[in-house]
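Computation of the quantities below employed the complete heavy-atom set of this structure, encompassing side-chain atoms and omitting hydrogens, waters and symmetry-equivalent molecules.
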Amino acid sequence: MVRIVTRLEEVREDLKKLKHEMKHEIGDFKFADSGKVKSIVADEDVEFKVGDIKPVKIKDLEIPANHIGLLSSYARNKFGHIIAIGEEVPLPIEWNRSADHATFVAALDGEVKKNDLIGILILFPVQIYR
């Protein structure tokens, strides 16, 4: 818990500095190159019933600065789909980030087991413009 609070304060201070440097809101970008495909792999066992929406701890995924991630719409696990990934403290796109959990929606009763492939992340480098 202390690590998260400490990191959160550090992020808040960095965001204040970044806000003073920016003249406009960030939000417009263009794809700068082709993407990379990464597997989203469960890092714990989780049981589901049809329609359940649950968090699943995943093996850490590094997301480089100035990259966006798109989740593949093709289901990679027979029990359901990933609808989101994230980390404890969301960071600006200009920073290196990571993901350590996913939100999983169950299409069937079953269990995701540790080391199961549960989704695909496609990372695209972007050029940000203001």
Side-chain angles (χ1 to χ4, degrees):
M1 182 81 173
V2 174
R3 180 188 68 79
I4 293 170
V5 173
T6 301
R7 179 72 178 131
L8 183 57
E9 289 305 314
E10 184 180 309
V11 168
R12 283 183 180 150
E13 289 302 313
D14 287 344
L15 286 174
K16 283 180 192 174
K17 291 176 194 170
L18 183 64
K19 187 175 181 180
H20 292 299
E21 294 170 6
M22 295 180 348
K23 301 235 187 277
H24 301 8
E25 289 293 318
I26 296 172
D28 297 328
F29 58 85
K30 65 180 178 180
F31 290 114
D33 204 348
S34 60
K36 298 177 201 169
V37 177
K38 293 191 169 214
S39 297
I40 302 171
V41 177
D43 202 25
E44 68 177 338
D45 298 342
V46 182
E47 290 187 22
F48 294 94
K49 298 280 186 204
V50 172
D52 282 352
I53 301 172
K54 291 186 178 181
V56 175
K57 184 171 171 34
I58 60 172
K59 297 200 183 269
D60 284 346
L61 287 172
E62 297 302 317
I63 303 170
N66 298 317
H67 280 66
I68 61 166
L70 301 175
L71 295 171
S72 172
S73 61
Y74 186 81
R76 299 306 303 167
N77 186 282
K78 67 181 178 180
F79 295 114
H81 306 272
I82 294 288
I83 60 170
I85 63 169
E87 61 187 324
E88 190 71 27
V89 179
L91 298 173
I93 194 170
E94 294 93 349
W95 296 3
N96 289 327
R97 294 156 291 147
S98 64
D100 61 7
H101 64 273
T103 304
F104 190 86
V105 178
L108 301 170
D109 292 348
E111 181 180 17
V112 166
K113 295 191 181 265
K114 186 174 182 171
N115 296 318
D116 279 356
L117 177 64
I118 57 174
I120 297 292
L121 176 67
I122 307 162
L123 286 174
F124 289 99
V126 294
Q127 180 181 1
I128 300 168
Y129 58 93
R130 295 177 169 88

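- Distance CD1/I58 to CG/D116: 13.5 Å, rounded to 0.5 Å.
- The two atoms that bring A75 and G80 nearest to each other are CB-O, 4.1 Å, heavy atoms only.
- Of the listed residues (I85, D60, D43), just one forms a side chain to side chain contact (heavy atoms under 4.5 Å, CB included) with D100, and that residue is D60.
- In this structure, CG on N96 lies 9.0 Å from CG on N66, to the nearest 0.5 angstrom.
- A continuous path of hydrophobic side-chain contacts links I122 to I68 [ILVMFWY only; heavy atoms under 4.5 Å].
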query = Can you check side-chain contact (heavy atoms from CB on, under 4.5 Å) on L70 and F124, steps first, answer last?
reply = CA-CA 8 Å; L70 301 175; F124 289 99; 3.5 Å; yes
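- Note that CD1 of I118 and CD1 of I120 are 10.5 Å apart. Values are rounded to the nearest 0.5 Å.
- In summary, K114 and D45 do not engage in a salt bridge, as defined by a charged side-chain N under 4.0 Å from a carboxylate O.
- Of all the heavy atoms in R97 and E87, the pair that sits closest is CB-OE2, 3.5 Å.
- Grouping the Ile, Leu, Val, Met, Phe, Trp and Tyr side chains by contacts below 4.5 angstrom, directly or via other members, places V126 with V37.
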ask   = Are K59 and N115 close enough, and set up right, to give a side-chain contact (heavy atoms from CB on, under 4.5 Å), and what steps lead you there?
value = CA-CA 8 Å; K59 297 200 183 269; N115 296 318; 2.8 Å; yes
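- Note: F48 and F104 meet the aromatic proximity criterion, with ring centroids under 6.0 Å apart.
- With S72 contributing its side chain and Y74 its backbone, the two residues share a donor-acceptor pair below 3.5 Å.
- Counting non-hydrogen atoms of other residues, nucleotides and ligands closer than 6.0 Å to NZ of K113 gives a total of 12 or fewer.
- When the side chains of ILVMFWY residues are joined at heavy-atom separations under 4.5 Å, either directly or via intervening members, L123 and I82 end up in a single hydrophobic cluster.
- In this structure, P64 and E62 approach most closely via the heavy-atom pair CD-O, 3.8 Å.
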task = Applying side-chain contact (heavy atoms from CB on, under 4.5 Å), run through S98 and I63 and close with a yes or a no.
result = CA-CA 5 Å; S98 64; I63 303 170; 5.8 Å; no
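- Heavy atoms only, all atoms of each residue included: P125 and S34 are closest at CD-O, 3.4 Å.
- Counting all heavy atoms, side chain and backbone alike, V112 lies closest to A42 at CG1-CB, 3.5 Å.
- One distance of note links CG of L121 with NZ of K36; it measures 11.0 Å at 0.5 Å rounding.
- Linking Ile, Leu, Val, Met, Phe, Trp and Tyr whenever their side-chain heavy atoms come within less than 4.5 Å puts L71 and L61 in one cluster.
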